[in-house]
Asks: 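Just passing along the structure, written as structure tokens.
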Amino acid sequence: MAAACAPRLAVAETPGAPDSFPEREALYYSVLEGGGVQCRLCPRQCVIPDRQRGSCGVRENRGGRLFTLVYNRPCAGNTDPIEKKPLFHVLPGTQAYSIATAGCNIHCKFCQNWDISQVRPETIPTRSMNADAIVQAARDHGTRAIAYTYNEPTIFYEYLADCARAGNAAGLYSVMISNGYIQAEPQAALLPLLKAVKVDLKAFTEKFYAEICEGALAPVLDSLQRIHRHGTWLEIVVLLIPTLNDSVPELQRMTEWVVTQLGPDVPIHFTRFQPTYQLRGLPPTPSDTLLKARQIAIQAGCHFAYTGNVPGLEGQDTICPACKKTVVRRYGYQIRENRITGGKCEFCGAVIPGVWS
Ligand code: SF4
């Protein structure tokens with residue numbers, strides 16, 4: 001994930017045997033002949049023999065029924081600024097109570113949170129917290145939102161959906177920080193529960209997705225289009241990794257696709273890579289690369305192109321596309337000035353797309 005590193009729960013229980021985890025039958029699977037099942041939650045469509053798990057390591061076939069091993073079992077919980085997700089067009093300056101579990105459905109060599117996303121749930125400390133407990137924790141921390149983040153929330157789908165429903169009933173909105181690797185049917189059921197989705201677009205080539213992430217690009221593009229069509233607020237993040245996904249032609253193709261398929265108002269963030277996990281031999285992204293990518297996006301027609309992970313670097317303020325005045329001024333995760341009122345630019349009255357109230 002390109003998302004910020006995951007803080008751990010302040011109080012954690014000892015890891016346990018998977019058989020001791022609370023049983024919750026998974027949604028979206030088919031029973032196969034001979035005792036196997038096929039998970040239909042994400043594009044991997046894992047065929048899982050009895051007593052085995054899917055690629056995410058958290059969905060297990062037990063006697064011909066599929067169970068999730070991470071329901072009510074978060075391994076991280078903390079309060080983050082919404083800007084850290086990053087979501088720049090969602091209630092600037094507010095906080096989100098952020099949760100994660102073990103596991104992920106892709107396997108990025110540059111994952112910042114590999115110690116939770118690339119492990120099985122029985123190997124790390126977790127805590128028992130149902131949806132009501134998550135809502136209470138979010139309230140206790142004074143947040144307005146619950147964020148599902150750090151690992152891929154799709155793999156804890158059942159828990160996410162229940163937390164989002166409980167949060168919505170309590171006046172807390174939900175945001176999903178995702179790799180976009182989810183099938184159409186479960187995604188359609190989930191989107192009405194969410195206020196916003198941030199998708200990491202890892203690159204714009206199938207080669208990168210296959211070799212660096214053990215995933216595929218096409219399902220992510222389909223997923224982005226479905227989110228956009230549904231109308232849930234969407235922002236895109238591209239972690240630029242030197243030599244792997246930062247060429248000018250690739251960024252031109254990517255940003256032209258975003259503008260033509262999703263429109264000019266979907267914010268796109270170009271963020272700095274830091275060497276980590278299995279990609280320690282590459283340098284951090286130069287600031288010039290981030291600035292150049294932003295210019296490519298602007299030339300392609302993106303109204304809101306940002307740089308990220310470099311506090312103070314040009315390209316982190318929101319500029320009104322109509323009058324070109326700065327309507328949100330940022331430094332790092334801080335909001336220095338907000339000149340959006342009622343979803344409109346205070347200077348010229350133009351609508352600034354996003355979630356502002
Ligand atoms: S959610 Fe997990 S088990 Fe299901 S298809 Fe994806 S990787 Fe496989």
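Note that the numbering runs from 1 along the sequence shown for the chain. In each ligand, atom 1 is the first atom listed, and ligand 1 is the first ligand listed.
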Asks: Show every donor-acceptor pair shorter than 3.5 Å between a side-chain atom in residues 275-286 and any protein atom, with sequence neighbours excluded, or say none if there are none.
Replies:
residue : atom : partner : partner atom : Å
Arg280  : NE   : Tyr277  : O            : 3.1
Thr285  : OG1  : Leu240  : O            : 2.5
Thr285  : OG1  : Phe273  : N            : 2.8

Asks: Going by the side-chain hydrogen bond (donor to acceptor under 3.5 Å, both in side chains) test, which pairs reach into residues 219-232, not counting sequence neighbours?
Replies: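 Passing the test, one end in residues 219-232: Gln187-Ser223, Gln187-Arg226, Gln225-Gln261, His230-Thr232.
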
Asks: Taking atom 4 (Fe) of ligand 1 as the center, what protein N, O or S atoms are found at less than 2.8 Å?
Replies: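 Hits for atom 4 (Fe) of ligand 1 below 2.8 Å: Cys39 SG.
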
Asks: Can Arg40 and Ser30 be counted as having a side-chain donor-acceptor contact under 3.5 angstrom?
Replies: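 Side-chain D/A pair, Arg40 to Ser30: present.
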
Asks: Take atom CH2 of Trp356 as the centre, draw a 6.0 Å sphere, and report whether it contains more than 12 heavy atoms from other residues, nucleotides or ligands.
Replies: yes

Asks: Under a 3.5 Å threshold, yes or no: a donor from one side chain and an acceptor from the other, between Ser117 and His107?
Replies: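 His107 and Ser117 do not have a side-chain donor-acceptor pair below 3.5 Å.
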
Asks: Considering only Ile, Leu, Val, Met, Phe, Trp and Tyr, and joining two whenever side-chain heavy atoms are under 4.5 Å apart, list the other residues clustered with Leu32.
Replies: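 Leu32 clusters with Val47.
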
